[in-house]
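We use all heavy atoms of the structure for the numbers below, so side chains are in, but hydrogens, waters and symmetry mates are not.
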Amino acid sequence: MDLTYTPEEEEFRARLRQWLGKALPTLPAEPSPDDWPGRRAHDLGWQRMLYDAGYADVHWDASPTTRLIFLEETERAGAPYVGANFVGLLHAGPTIAAEGTAEQRARWLPPILCGEEVWCQGFSEPDAGSDLAALRTRACRDGDDYVVTGSKIWTSHAEVADWCELLVRTDPSAPKHRGITWLAMPMDAPGVTVRPLRTLAGSAEFAEVFLDEVRVPVANRVGEENDGWRVTMVTLSFERGTAFVGEVVACRRVLGELARTARENGRWDDPGVRRRLGRLNAEFRALWRLTQWNVSEAEANGGVPGVGGSVFKLRYSHARQELYDTAADVLGPDCLDLDRPWTLDRLSSLAYTIAAGTSQIQRTIVAERILGLPKGR
């Protein structure tokens with residue numbers, strides 16, 4: 001396996017780095033974290049800049065290695081994250097590119113790429129917990145439409161989204177993994193109600209979504225009816241395999257800042273702190289190599305990440321929590337200051353062992369699909 005970059009890939013890196021140096025100083029200031037319409041406008045404005053410069057297609061039309069370089073360089077330069085449209089760019093868009101029809105790709109991919117439409121994810125439900133396939137939201141076929149009734153929870157950016165990647169149950173009599181369908185639902189459809197949720201950190205990027213006989217055209221189905229679980233596995237492979245790449249680079253940057261802070265405030269003199277920082281440095285270097293391995297595997301499999309993404313997601317979630325626990329140790333009493341970015345990051349890190357599939361689910365996937373252990377009863 002070759003983990004080095006080709007001359008063409010390095011040329012892409014240099015060209016992107018030069019463009020970032022010119023483009024980033026022209027960006028307007030970021031809006032308040034609670035101003036989601038403003039955040040949407042800011043994030044889509046950045047996406048439009050990428051589109052006009054020819055960099056918007058890296059999320060699915062470029063090779064996984066090119067996408068890796070793009071995420072690495074934009075994070076190192078301090079460029080905005082995908083923000084309000086992370087579902088469209090990192091989950092729904094790649095899924096539609098891989099599984100959608102030509103008409104669906106033509107309809108939904110260009111507006112995502114040029115910063116015109118935002119997507120949210122309607123997967124989790126209040127009573128399903130970690131067992132995603134236990135979802136109860138029903139979709140009954142009525143001519144050229146599905147009539148959808150149910151509810152979703154932890155729907156990221158639902159309050160500013162135009163579309164929702166929605167999982168519904170279309171055959172209640174089938175085994176639970178076989179009666180599911182993947183739909184693209186317009187968020188302005190009659191019967192859709194969005195209720196924002198406030199997190200521990202005080203933000204409201206999540207919402208409950210209630211669906212009361214919402215009509216979704218059959219033409220909005222990605223994949224075949226009742227084949228939604230397989231399509232969902234494609235979505236989750238992107239979510240676990242490549243969507244966190246930029247965050248690994250961000251954690252390595254934070255780790256360097258943390259070491260500098262420890263030297264400045266005297267915590268570096270504690271051998272226990274130095275040991276933890278050194279181990280985290282090795283941890284994130286290993287995670288970066290694992291990322292490169294997963295990208296190489298994706299290139300060999302038509303661009304879709306494999307189950308190795310679960311290994312990455314499992315270890316990254318815990319490493320991120322350990323990083324911000326160490327940050328609290330370095331900061332001491334200052335770690336209670338909510339105006340410090342690391343404090344809010346520590347609170348948000350608590351969710352990473354749940355988001356994109358709990359650590360328990362990831363261990364089950366690793367056990368069954370990588371190690372070949374028997375399925376639990």
Side-chain angles (χ1 to χ4, degrees), residues 30-44 81-92 117-138 148-169 183-214 216 232 235-236 239-240 243-244 247 313 317 320-321 324 338-339 341-361:
E30 283 197 35
S32 164
D34 290 331
D35 178 11
W36 280 108
R39 291 279 296 274
R40 171 191 162 112
H42 181 272
D43 296 341
L44 294 189
Y81 186 52
V82 289
N85 202 19
F86 82 90
V87 172
L89 286 167
L90 304 182
H91 303 173
E117 293 180 344
V118 168
W119 285 65
C120 61
Q121 185 181 77
F123 282 15
S124 299
E125 295 191 4
D127 297 323
S130 299
D131 188 2
L132 178 59
L135 63 92
R136 298 180 182 178
T137 295
R138 295 278 299 273
V148 181
T149 300
S151 66
K152 299 291 179 177
I153 198 168
W154 308 123
T155 309
S156 301
H157 307 315
E159 68 276 19
V160 294
D162 303 291
W163 292 90
C164 177
E165 52 172 1
L166 184 72
L167 291 188
V168 296
R169 186 161 299 285
L183 300 177
M185 181 185 72
M187 291 297 288
D188 61 355
V192 177
T193 301
V194 176
R195 184 180 299 164
L197 296 168
R198 191 161 295 277
T199 70
L200 178 66
S203 60
E205 68 265 30
F206 299 111
E208 294 177 285
V209 177
F210 300 93
L211 309 170
D212 183 12
E213 297 189 350
V214 179
V216 179
T232 301
T235 304
L236 295 179
E239 184 174 15
R240 297 164 183 168
F244 289 110
E247 298 192 36
K313 167 61 173 59
S317 299
R320 183 182 175 93
Q321 290 179 350
Y324 287 105
L338 291 179
D339 291 329
W342 288 348
T343 301
L344 295 178
D345 287 339
R346 187 188 184 203
L347 294 177
S348 68
S349 75
L350 299 176
Y352 275 71
T353 47
I354 300 174
T358 66
S359 291
Q360 290 85 350
I361 293 295

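- Taking the six-membered ring for Trp and thresholds of 30 and 60 degrees, W163 and W119 have nearly parallel ring planes, at less than 30 degrees apart.
- By the side-chain contact (heavy atoms from CB on, under 4.5 Å) test, A158 pairs with C120, T155, M187, V194, A207, V209, sequence neighbours left out.
- Of all heavy-atom pairs between L132 and F123, the closest is CD1-O, 3.4 Å.
- When the salt bridge (Lys or Arg N to Asp or Glu O under 4.0 Å) test is applied to R40, the partners found at least two apart in sequence or on another chain are D162.
- You'll find the side chain of M185 stays beyond 4.5 Å of the side chain of V168, heavy atoms only.
- Scanning for side-chain contact (heavy atoms from CB on, under 4.5 Å) contacts around D35 gives P31, S32, P37, with sequence neighbours left out.
- Between K152 and L167 the shortest side-chain heavy-atom distance falls below 4.5 Å.
- Applying the side-chain contact (heavy atoms from CB on, under 4.5 Å) rule to A189 yields the partners P186, V192, V214; only residues at least two apart in sequence or on another chain are considered.
- The side-chain hydrogen bond (donor to acceptor under 3.5 Å, both in side chains) check on T137 picks up E125, with sequence neighbours excluded.
- For R136, the salt bridge (Lys or Arg N to Asp or Glu O under 4.0 Å) partners are D127, not counting sequence neighbours.
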So T193 and D212, side-chain contact (heavy atoms from CB on, under 4.5 Å) or not? Walk me through it.
-> CA-CA 8 Å; T193 301; D212 183 12; over 6 Å; no
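- Here the OG-CG distance, from S151 to L135, works out to 10.5 Å after rounding to the nearest 0.5 Å.
- Partners of E213 by side-chain contact (heavy atoms from CB on, under 4.5 Å), not counting sequence neighbours, listed by chain and number: V147, T149.
- Considering every non-hydrogen atom in both C164 and G122, the closest pair reads SG-N, 3.4 Å.
- When the salt bridge (Lys or Arg N to Asp or Glu O under 4.0 Å) test is applied to E117, the partners found at least two apart in sequence or on another chain are R107.
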Is there a side-chain contact (heavy atoms from CB on, under 4.5 Å) between H91 and F86 once you walk through the steps?
-> CA-CA 7 Å; H91 303 173; F86 82 90; 3.6 Å; yes
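- Between W154 and L197, the closest side-chain pair of non-hydrogen atoms falls below 4.5 Å.
- The line from NE2 of H157 to CD of Q121 is 11.5 Å long, rounded to the nearest 0.5 Å.
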